A.B. asks: 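Have a look at this one before I ask anything.
Every chain is numbered from 1, with letters handed out A, B, ... down the list of sequences. Bear in mind the structure is a predicted one, so any value in this text is a computation, not a measurement.
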Amino acid sequence: GENVEQHPSTLSVQEGDSAVIKCTYSDSASNYFPWYKQELGKGPQLIIDIRSNVGEKKDQRIAVTLNKTAKHFSLHITETQPEDSAVYFCAASKPGYQKVTFGTGTKLQVIP
Amino acid sequence: ETGVTQTPRHLVMGMTNKKSLKCEQHLGHNAMYWYKQSAKKPLELMFVYSLEERVENNSVPSRFSPECPNSSHLFLHLHTLQPEDSALYLCASSQDLTADGYTFGSGTRLTVV
(Lines give C-alpha, C1' and ligand atoms only; values in the text may rest on other atoms or scores of the structure.)
Protein backbone atom coordinates (compact mmCIF):
# COMPACT_ATOMS: atom_id res chain seq x y z
CA GLY A 1 0.00 0.00 0.00
CA GLU A 2 0.84 3.67 -0.06
CA ASN A 3 3.30 5.07 2.48
CA VAL A 4 3.57 8.80 3.14
CA GLU A 5 6.47 10.22 5.12
CA GLN A 6 6.42 13.79 6.40
CA HIS A 7 9.24 15.99 7.72
CA PRO A 8 9.96 17.74 9.96
CA SER A 9 7.75 16.68 12.84
CA THR A 10 8.13 20.10 14.47
CA LEU A 11 9.08 23.45 12.98
CA SER A 12 9.57 26.83 14.64
CA VAL A 13 9.93 29.99 12.59
CA GLN A 14 9.96 33.70 13.32
CA GLU A 15 6.95 35.67 12.23
CA GLY A 16 7.46 36.86 8.69
CA ASP A 17 9.81 34.05 7.73
CA SER A 18 8.92 31.20 5.39
CA ALA A 19 8.11 27.63 6.39
CA VAL A 20 8.53 24.52 4.26
CA ILE A 21 7.13 21.08 5.03
CA LYS A 22 8.08 18.09 2.88
CA CYS A 23 6.38 14.78 2.15
CA THR A 24 7.35 11.73 0.14
CA TYR A 25 5.07 9.00 -1.14
CA SER A 26 5.74 5.50 -2.35
CA ASP A 27 2.99 4.62 -4.84
CA SER A 28 3.53 6.14 -8.29
CA ALA A 29 -0.19 5.68 -9.02
CA SER A 30 -1.08 8.35 -6.46
CA ASN A 31 -2.34 11.43 -8.26
CA TYR A 32 -3.96 13.68 -5.65
CA PHE A 33 -2.10 15.37 -2.80
CA PRO A 34 -4.05 17.47 -0.29
CA TRP A 35 -2.73 19.42 2.66
CA TYR A 36 -4.73 19.82 5.85
CA LYS A 37 -4.30 22.29 8.71
CA GLN A 38 -5.42 21.27 12.19
CA GLU A 39 -5.72 23.98 14.81
CA LEU A 40 -5.94 23.18 18.49
CA GLY A 41 -9.29 21.66 19.39
CA LYS A 42 -10.43 21.39 15.78
CA GLY A 43 -10.48 18.81 13.05
CA PRO A 44 -8.18 18.97 10.01
CA GLN A 45 -9.21 21.52 7.38
CA LEU A 46 -8.26 21.26 3.71
CA ILE A 47 -6.13 24.28 2.82
CA ILE A 48 -4.66 23.44 -0.58
CA ASP A 49 -4.31 20.47 -2.88
CA ILE A 50 -2.50 19.52 -6.07
CA ARG A 51 -3.01 16.94 -8.76
CA SER A 52 -0.27 15.06 -10.52
CA ASN A 53 -0.78 16.89 -13.81
CA VAL A 54 0.61 20.16 -12.40
CA GLY A 55 3.88 20.98 -10.70
CA GLU A 56 2.90 23.93 -8.54
CA LYS A 57 -0.18 25.60 -7.16
CA LYS A 58 -0.47 28.84 -5.20
CA ASP A 59 -3.14 30.38 -3.03
CA GLN A 60 -2.08 33.69 -1.51
CA ARG A 61 0.67 32.92 1.03
CA ILE A 62 0.61 29.16 0.62
CA ALA A 63 1.91 27.08 -2.26
CA VAL A 64 2.41 23.41 -2.96
CA THR A 65 4.99 21.91 -5.30
CA LEU A 66 5.05 18.37 -6.68
CA ASN A 67 7.91 16.37 -8.13
CA LYS A 68 6.38 13.22 -9.61
CA THR A 69 9.70 11.75 -10.64
CA ALA A 70 11.10 11.95 -7.13
CA LYS A 71 7.70 11.25 -5.58
CA HIS A 72 7.77 14.16 -3.21
CA PHE A 73 5.67 17.24 -2.61
CA SER A 74 6.08 20.25 -0.35
CA LEU A 75 4.01 22.94 1.36
CA HIS A 76 5.43 26.46 1.37
CA ILE A 77 4.07 29.18 3.62
CA THR A 78 5.48 32.66 3.11
CA GLU A 79 5.30 35.67 5.44
CA THR A 80 4.21 33.45 8.30
CA GLN A 81 1.83 34.83 10.91
CA PRO A 82 1.00 33.60 14.44
CA GLU A 83 -2.33 32.26 13.18
CA ASP A 84 -0.42 29.87 10.92
CA SER A 85 0.60 27.97 14.07
CA ALA A 86 -1.05 24.55 13.80
CA VAL A 87 -0.39 20.94 12.83
CA TYR A 88 -0.16 20.39 9.09
CA PHE A 89 -0.84 17.01 7.45
CA CYS A 90 0.00 15.95 3.93
CA ALA A 91 -1.84 13.10 2.24
CA ALA A 92 -1.86 11.08 -0.97
CA SER A 93 -4.55 9.15 -2.79
CA LYS A 94 -5.04 7.27 -6.03
CA PRO A 95 -7.78 7.62 -8.66
CA GLY A 96 -11.25 6.34 -7.95
CA TYR A 97 -12.20 5.01 -4.56
CA GLN A 98 -8.96 4.55 -2.72
CA LYS A 99 -8.00 5.16 0.87
CA VAL A 100 -6.36 8.47 1.56
CA THR A 101 -2.98 7.94 3.25
CA PHE A 102 -1.95 10.68 5.65
CA GLY A 103 1.47 11.75 6.86
CA THR A 104 2.29 11.94 10.57
CA GLY A 105 1.91 15.70 10.77
CA THR A 106 4.16 18.73 11.32
CA LYS A 107 3.61 21.01 14.29
CA LEU A 108 4.38 24.53 13.09
CA GLN A 109 5.00 27.26 15.64
CA VAL A 110 5.26 30.85 14.45
CA ILE A 111 7.04 32.97 17.03
CA PRO A 112 5.84 36.60 17.19
CA GLU B 1 -18.18 25.21 12.04
CA THR B 2 -17.19 23.16 9.02
CA GLY B 3 -20.59 21.66 8.36
CA VAL B 4 -19.70 18.41 10.13
CA THR B 5 -20.76 18.37 13.79
CA GLN B 6 -19.55 15.82 16.31
CA THR B 7 -20.89 15.22 19.79
CA PRO B 8 -19.83 14.95 22.48
CA ARG B 9 -16.59 16.95 22.25
CA HIS B 10 -15.12 15.13 25.23
CA LEU B 11 -15.94 11.73 26.73
CA VAL B 12 -14.49 9.85 29.66
CA MET B 13 -15.64 6.28 30.02
CA GLY B 14 -14.78 3.21 32.05
CA MET B 15 -13.77 -0.02 30.38
CA THR B 16 -17.14 -1.62 31.11
CA ASN B 17 -19.26 1.30 29.86
CA LYS B 18 -21.22 1.60 26.65
CA LYS B 19 -21.30 4.94 24.91
CA SER B 20 -21.90 6.34 21.44
CA LEU B 21 -20.28 9.07 19.38
CA LYS B 22 -22.45 11.04 16.97
CA CYS B 23 -21.61 12.77 13.71
CA GLU B 24 -23.97 14.89 11.63
CA GLN B 25 -23.44 16.63 8.30
CA HIS B 26 -25.80 18.79 6.27
CA LEU B 27 -23.50 19.29 3.30
CA GLY B 28 -25.39 16.89 1.08
CA HIS B 29 -22.41 14.54 1.06
CA ASN B 30 -22.90 10.86 0.33
CA ALA B 31 -19.79 9.41 1.95
CA MET B 32 -18.88 9.49 5.64
CA TYR B 33 -15.84 8.26 7.50
CA TRP B 34 -14.58 7.52 11.01
CA TYR B 35 -10.89 8.18 11.70
CA LYS B 36 -8.83 7.62 14.84
CA GLN B 37 -6.15 10.18 15.63
CA SER B 38 -3.45 9.21 18.13
CA ALA B 39 -0.38 11.23 19.06
CA LYS B 40 2.53 10.96 16.62
CA LYS B 41 0.64 8.57 14.32
CA PRO B 42 -0.98 9.13 10.94
CA LEU B 43 -4.73 9.36 10.87
CA GLU B 44 -6.12 5.81 10.92
CA LEU B 45 -9.17 5.09 8.80
CA MET B 46 -11.69 2.97 10.70
CA PHE B 47 -14.90 2.83 8.70
CA VAL B 48 -16.29 4.15 5.42
CA TYR B 49 -19.95 4.52 4.52
CA SER B 50 -21.39 5.41 1.15
CA LEU B 51 -25.11 6.10 0.87
CA GLU B 52 -25.61 4.46 4.27
CA GLU B 53 -23.84 1.25 3.26
CA ARG B 54 -20.57 0.27 4.90
CA VAL B 55 -17.92 -0.13 2.23
CA GLU B 56 -14.88 -0.58 4.42
CA ASN B 57 -14.10 -1.93 7.84
CA ASN B 58 -10.40 -1.40 8.26
CA SER B 59 -9.61 -4.29 10.63
CA VAL B 60 -11.21 -2.48 13.54
CA PRO B 61 -11.90 -4.47 16.75
CA SER B 62 -15.51 -5.44 17.29
CA ARG B 63 -15.70 -3.26 20.42
CA PHE B 64 -16.20 -0.42 17.90
CA SER B 65 -19.53 -0.68 16.08
CA PRO B 66 -20.56 1.88 13.46
CA GLU B 67 -24.07 2.77 12.41
CA CYS B 68 -25.26 4.96 9.54
CA PRO B 69 -29.05 5.35 9.68
CA ASN B 70 -29.11 7.91 6.86
CA SER B 71 -26.66 9.84 4.73
CA SER B 72 -26.53 12.74 7.20
CA HIS B 73 -25.79 10.83 10.40
CA LEU B 74 -23.05 8.48 11.51
CA PHE B 75 -22.60 6.87 14.91
CA LEU B 76 -19.77 4.98 16.55
CA HIS B 77 -20.96 2.71 19.34
CA LEU B 78 -18.34 1.86 21.95
CA HIS B 79 -18.31 -0.99 24.46
CA THR B 80 -15.69 -2.66 26.66
CA LEU B 81 -12.95 -0.37 25.41
CA GLN B 82 -9.32 -0.53 26.46
CA PRO B 83 -7.12 2.35 27.70
CA GLU B 84 -5.19 2.23 24.40
CA ASP B 85 -8.41 3.22 22.64
CA SER B 86 -8.06 6.69 24.15
CA ALA B 87 -7.67 9.07 21.20
CA LEU B 88 -9.37 11.78 19.17
CA TYR B 89 -12.09 10.27 16.98
CA LEU B 90 -12.75 12.27 13.86
CA CYS B 91 -15.71 12.08 11.54
CA ALA B 92 -15.38 13.27 7.95
CA SER B 93 -17.57 13.48 4.89
CA SER B 94 -17.06 13.89 1.16
CA GLN B 95 -19.34 14.34 -1.82
CA ASP B 96 -18.87 10.70 -2.74
CA LEU B 97 -16.24 7.97 -2.47
CA THR B 98 -14.22 9.34 -5.36
CA ALA B 99 -14.30 12.96 -4.21
CA ASP B 100 -10.95 14.35 -3.24
CA GLY B 101 -11.45 16.75 -0.38
CA TYR B 102 -12.74 15.71 3.01
CA THR B 103 -14.62 17.90 5.47
CA PHE B 104 -13.75 16.94 9.03
CA GLY B 105 -15.61 17.54 12.25
CA SER B 106 -13.83 18.80 15.35
CA GLY B 107 -13.65 15.34 16.84
CA THR B 108 -14.51 13.64 20.11
CA ARG B 109 -11.65 13.40 22.62
CA LEU B 110 -12.14 9.97 24.21
CA THR B 111 -10.43 8.90 27.41
CA VAL B 112 -10.86 5.32 28.62
CA VAL B 113 -10.12 4.84 32.30
A.B. asks: Going through the checks in order, is the side chain to side chain contact (heavy atoms under 4.5 Å, CB included) test met by Q38(A) and L88(B)?
C.D. replies: CA-CA 12 Å; Q38(A) 186 173 23; L88(B) 181 68; 3.8 Å; yes
A.B. asks: Give, as side chain, backbone, both or neither, the part of Y35(B) having an atom under 4.5 angstrom from any heavy atom of chain A.
C.D. replies: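 Side chain only.
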A.B. asks: Membership question, hydrophobic clusters at under 4.5 Å side-chain separation (ILVMFWY): are V100(A) and Y33(B) in the same one?
C.D. replies: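 Yes, one cluster joins them.
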A.B. asks: Which word best sums up how the rings of Y102(B) and Y36(A) line up, parallel for under 30°, tilted for 30 to 60°, or perpendicular for over 60°?
C.D. replies: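 Taking Y36(A) first and then Y102(B), their aromatic rings sit tilted (interplane angle of 30° to 60°).
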A.B. asks: Counting only heavy atoms closer than 4.5 Å, note whether Q37(B) contacts chain A via side chain, backbone, both or neither.
C.D. replies: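 Contact with chain A is through the side chain of Q37(B) alone.
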A.B. asks: Which residues, numbered in order, of residues 17-35 of chain A come under 4.5 angstrom of chain B by heavy-atom distance?
C.D. replies: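 At a heavy-atom separation under 4.5 Å, chain B is reached by Y32(A).
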A.B. asks: Which atoms form the tightest heavy-atom contact between P44(A) and L43(B), and what is the distance?
C.D. replies: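 It is CG-CD1, 4.4 Å.
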A.B. asks: Check G41(A) against S106(B) and note the closest heavy-atom contact, atom names and distance.
C.D. replies: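 Closest heavy-atom pair between G41(A) and S106(B): O-CB, 3.9 Å.
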A.B. asks: Are V48(B) and F64(B) linked, directly or through other ILVMFWY residues, by side chains that come within less than 4.5 angstrom of each other?
C.D. replies: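 As far as the 4.5 Å side-chain criterion goes, F64(B) and V48(B) are not connected within one cluster.
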A.B. asks: Taking non-hydrogen atoms and a cut-off under 4.5 angstrom, which of residues 46-81 of chain A neighbour chain B?
C.D. replies: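 So far as heavy atoms go, L46(A), R51(A) are the residues that approach chain B to under 4.5 Å.
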A.B. asks: Quick one: do Y49(B) and V4(B) end up in the same hydrophobic cluster if we chain Ile, Leu, Val, Met, Phe, Trp and Tyr together by side-chain heavy atoms under 4.5 Å apart?
C.D. replies: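 The answer is no; the residues belong to distinct hydrophobic clusters.
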A.B. asks: Answer yes or no: does atom CD of Q95(B) have more than 12 heavy-atom neighbours from other residues, nucleotides or ligands under 6.0 Å?
C.D. replies: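 Yes, because the 6.0 Å sphere around CD of Q95(B) holds more than 12 heavy atoms from other groups.
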A.B. asks: Starting from V13(A), can I reach V87(A) by hopping between I/L/V/M/F/W/Y residues whose side chains sit under 4.5 Å apart?
C.D. replies: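 They do not share one cluster, since no chain of ILVMFWY contacts under 4.5 Å joins V87(A) to V13(A).
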A.B. asks: Give the cluster check for L45(B) versus V60(B): same hydrophobic cluster or not, with ILVMFWY residues linked at side-chain heavy-atom distances below 4.5 Å.
C.D. replies: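 Each belongs to a different hydrophobic cluster.
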A.B. asks: What pairs with S12(A) under side-chain contact (heavy atoms from CB on, under 4.5 Å), at least two apart in sequence or on another chain?
C.D. replies: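 With neighbours one apart ignored, the set is Q109(A), I111(A).
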A.B. asks: For chain A, which residues from residues 74-83 of chain B lie under 4.5 Å away (heavy-atom distances)?
C.D. replies: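 So far as heavy atoms go, nothing in residues 74-83 of chain B approaches chain A to under 4.5 Å.
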